[in-house]
Amino acid sequence: MNSSEYPLERQFDLASTLISAQAFQWREFNGIWVGAVADTVVAIRQTPSSIIVEDYCADNWSPQEYFRMRDNLEDINRDLRNDPLIDTLLAAKADIALTSQDPWQCTLMFLCSTNNNAKRISNMVLSLNRMFGVAVETPYGKIHKFPSPRSLSSATVHQLEACGLGYRAKFVRDFASIIHQGALDFKDLKKANYKDAVAQLVELPGIGPKVADCISLLSLDKLEAFPMDIWIRRVVSRRYYRLLEKSDVRRLLDESKTVSPQLYRHVTLAMRSHFGRFAGYAQNALYCNAKRLVSERTIAT
DNA sequence: CCGGAACCTTGTTG
DNA sequence: ACAACAAGGTTCC
């Protein structure tokens with residue numbers, strides 16, 4: 001076990017970030033967050049001035065990188081500062097960091113995320129780890145590493161269904177095979193521009209435009225990606241309708257109707273042109289705000 | 001290309 | 001308690 005302390009290069013809230021539905025593998029043990037990341041298992045805790053990481057399998061996992069501590073938030077915020085709502089949210093200091101994850105792991109988790117809720121996604125990911133990941137002894141019990149492409153590609157659909165994946169089992173297996181065979185290289189996607197990366201991602205089984213945007217933003221350094229889920233759909237149609245075609249707004253407002261690929265493209269393009277090259281940061285702020293408002297409401301009633 | 005339905009399952013809601 | 005519904009969408013037709 002390798003323990004290191006990293007000074008907080010800027011303030012952010014660890015707990016809020018780890019439950020913000022950017023990743024689904026984290027579990028808390030009295031303020032200490034334990035989870036599988038990339039090819040290791042880590043326990044993280046936050047002090048007022050630092051992040052302390054215990055790394056159980058390696059010594060190269062960097063919280064600075066994972067939490068994007070080196071992004072220049074002043075530049076980013078200045079860039080986003082032609083938007084009143086974002087200004088308000090930035091002033092409120094939600095302190096939720098944007099994560100930069102391992103693409104293989106990130107893609108797997110978002111494959112599990114479709115038509116699903118955070119709690120269940122988390123259960124699915126933890127089951128996959130338990131069934132297919134290498135067990136590691138920690139003070140918090142046996143924690144399993146994230147499975148390799150090899151192990152998931154040789155899994156049976158039946159085994160994956162036993163992890164609670166449902167109809168996603170086939171997607172996960174097929175996707176794992178593609179990666180295991182080397183038919184897609186995430187390094188190429190990192191080098192590619194946003195548009196090309198998304199175009200390649202949506203060719204993969206179970207990955208549509210929304211999941212492709214999440215992967216691009218959270219693991220491929222495409223900070224202009226603006227994933228639109230149901231929460232962003234609501235915010236956009238109610239607070240940013242001026243940027244959109246009337247017919248698109250009507251379509252978004254009627255939640256009984258699905259978002260067609262073209263509508264998704266229209267709307268997210270409009271948002272990207274509004275927010276610019278760091279649109280993903282704006283998306284994260286809007287998403288967290290929407291969720292926060294809802295949780296306050298459920299507590300109040 | 002578009003719209004609508006089906007999709008596994010579980011946690012939450014009324 | 002228990003049915004109905006929603007849940008960070010995608011695929012198929």
Side-chain angles (χ1 to χ4, degrees), chain A residues 16-26 96 98-99 101 105-128 156-175 178 198-219 225-237 245 247-248 250-269 271 279-280 282-295 297-301:
Chain A
S16 307
T17 300
L18 294 182
I19 61 171
S20 68
Q22 297 184 53
F24 301 90
Q25 76 274 47
W26 295 101
I96 294 181
L98 199 62
T99 55
Q101 307 176 38
Q105 183 178 20
C106 183
T107 305
L108 238 297
M109 293 195 291
F110 278 93
L111 269 178
C112 295
S113 78
T114 63
N115 191 17
N116 209 348
N117 59 66
K119 181 85 184 222
R120 186 178 163 215
I121 300 165
S122 176
N123 287 337
M124 284 156 61
V125 169
L126 294 175
S127 304
L128 283 175
T156 66
V157 169
H158 183 74
Q159 284 177 305
L160 294 171
E161 284 170 346
C163 294
L165 296 197
Y167 65 86
R168 304 164 193 81
K170 202 154 18 76
F171 297 148
V172 165
R173 220 278 306 274
D174 294 347
F175 170 70
I178 289 170
V198 167
Q200 290 187 58
L201 287 170
V202 295
E203 294 303 312
L204 298 167
I207 299 182
K210 187 271 180 181
V211 169
D213 271 340
C214 289
I215 297 164
S216 299
L217 176 62
L218 299 175
S219 71
F226 189 89
M228 180 169 69
D229 59 35
I230 183 66
W231 297 100
I232 293 296
R233 176 180 180 174
R234 287 169 187 157
V235 175
V236 166
S237 60
E245 313 257 344
S247 57
D248 287 350
R250 267 198 302 278
R251 184 75 188 185
L252 289 181
L253 283 170
D254 183 354
E255 289 187 10
S256 70
K257 301 216 186 305
T258 58
V259 177
S260 70
Q262 191 184 65
L263 177 58
Y264 187 94
R265 279 211 315 277
H266 271 184
V267 174
T268 54
L269 175 61
M271 300 311 288
Q283 191 272 3
N284 191 238
L286 292 171
Y287 175 79
C288 294
N289 184 245
K291 294 290 287 200
R292 187 177 58 76
L293 292 177
V294 167
S295 67
R297 194 163 171 183
T298 48
I299 290 163
T301 49

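Quick note on labels: first sequence line is chain A, next is B, and so on, each numbered from 1.
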Counting only N and O atoms by type, is there a donor-acceptor contact under 3.5 Å from the side chain of [X] to the main-chain atoms of [Y]?
X        : Y        : result
A:Ser122 : A:Phe24  : yes
A:Arg234 : A:Glu255 : no
A:Gln283 : A:Pro227 : yes
A:Gln101 : A:Gln22  : yes
A:Glu203 : A:Gln200 : no

How would you label the contact of [X] with the nucleic acid (heavy atoms, under 4.0 Å): base, sugar-phosphate, or nothing?
X        : result
A:Glu255 : nothing
A:Val211 : sugar-phosphate
A:Tyr287 : base
A:Arg251 : sugar-phosphate
A:Ala118 : sugar-phosphate
A:Leu204 : sugar-phosphate
A:Ile207 : sugar-phosphate
A:Arg233 : nothing
A:Ser20  : base
A:Pro261 : nothing
A:Lys119 : sugar-phosphate

Inter-nucleotide C1' distance (C:dC5, B:dC8), Å rounded | 15 Å
In whole Å, what separates the P atom of C:dG8 from that of B:dG14?
->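 Per the computed distance, 16 Å lies between those P atoms.
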Check the distance between [N]'s [atom2] and [X]'s [atom1] and give it to me in whole angstrom.
X        : N      : atom1 : atom2 : result
A:Leu126 : B:dG11 : CG    : P     : 13 Å
A:Lys257 : B:dA5  : NZ    : P     : 8 Å
A:Lys170 : B:dA6  : NZ    : C1'   : 12 Å
A:Arg168 : B:dC7  : CZ    : P     : 13 Å
A:Asn123 : B:dG11 : CG    : C1'   : 9 Å
A:Asn117 : B:dC8  : CG    : P     : 17 Å

Any side-chain heavy atom of [X] sitting closer than 4.5 Å to one from [Y]?
X        : Y        : value
A:Met228 : A:Leu252 : yes
A:Trp26  : A:Leu126 : no
A:Asn117 : A:Arg120 : yes

Paired stretches of DNA chain C - 3 or more consecutive Watson-Crick or G-U pairs, each distance under 3.5 Å |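 Detected stem regions: B:3-7 with C:9-13, B:9-14 with C:2-7.
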Given B:dC7, B:dA5, B:dT10, the nucleotide with the shortest approach to the side chain of A:Asn115 =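 Selected nucleotide: B:dC7.
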Which side-chain N or O atoms in residues 206-218 of chain A pair as donor and acceptor under 3.5 Å with protein atoms at least two apart or in another chain?
unit_1   : atom_1 : unit_2   : atom_2 : d
A:Asp213 : OD1    : A:Tyr194 : OH     : 2.5
A:Asp213 : OD2    : A:Tyr264 : OH     : 2.7
A:Ser216 : OG     : A:Ala212 : O      : 2.7

Before accepting this row, confirm whether a basic side-chain N of the pair A:Arg168/A:Glu161 lies closer than 4.0 Å to the acidic partner's carboxylate O.
->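 No.
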So which one's nearest nucleotide on DNA chain C is more toward 5', A:Trp231 or A:Pro205?
-> A:Trp231
Which residue lies more 5' along DNA chain C, comparing A:Val202 with A:Ala21 via nearest heavy atoms | A:Ala21
I would like to know whether A:Lys257 and A:Asp254 meet salt bridge (Lys or Arg N to Asp or Glu O under 4.0 Å); could you show each step before the answer?
-> CA-CA 6 Å; A:Lys257 301 216 186 305; A:Asp254 183 354; 3.7 Å; yes
For DNA chain C, note the earliest and the latest nucleotide, 5' to 3', having some atom under 4.0 Å of a heavy atom belonging to chain A.
-> C:dA7 to C:dT11
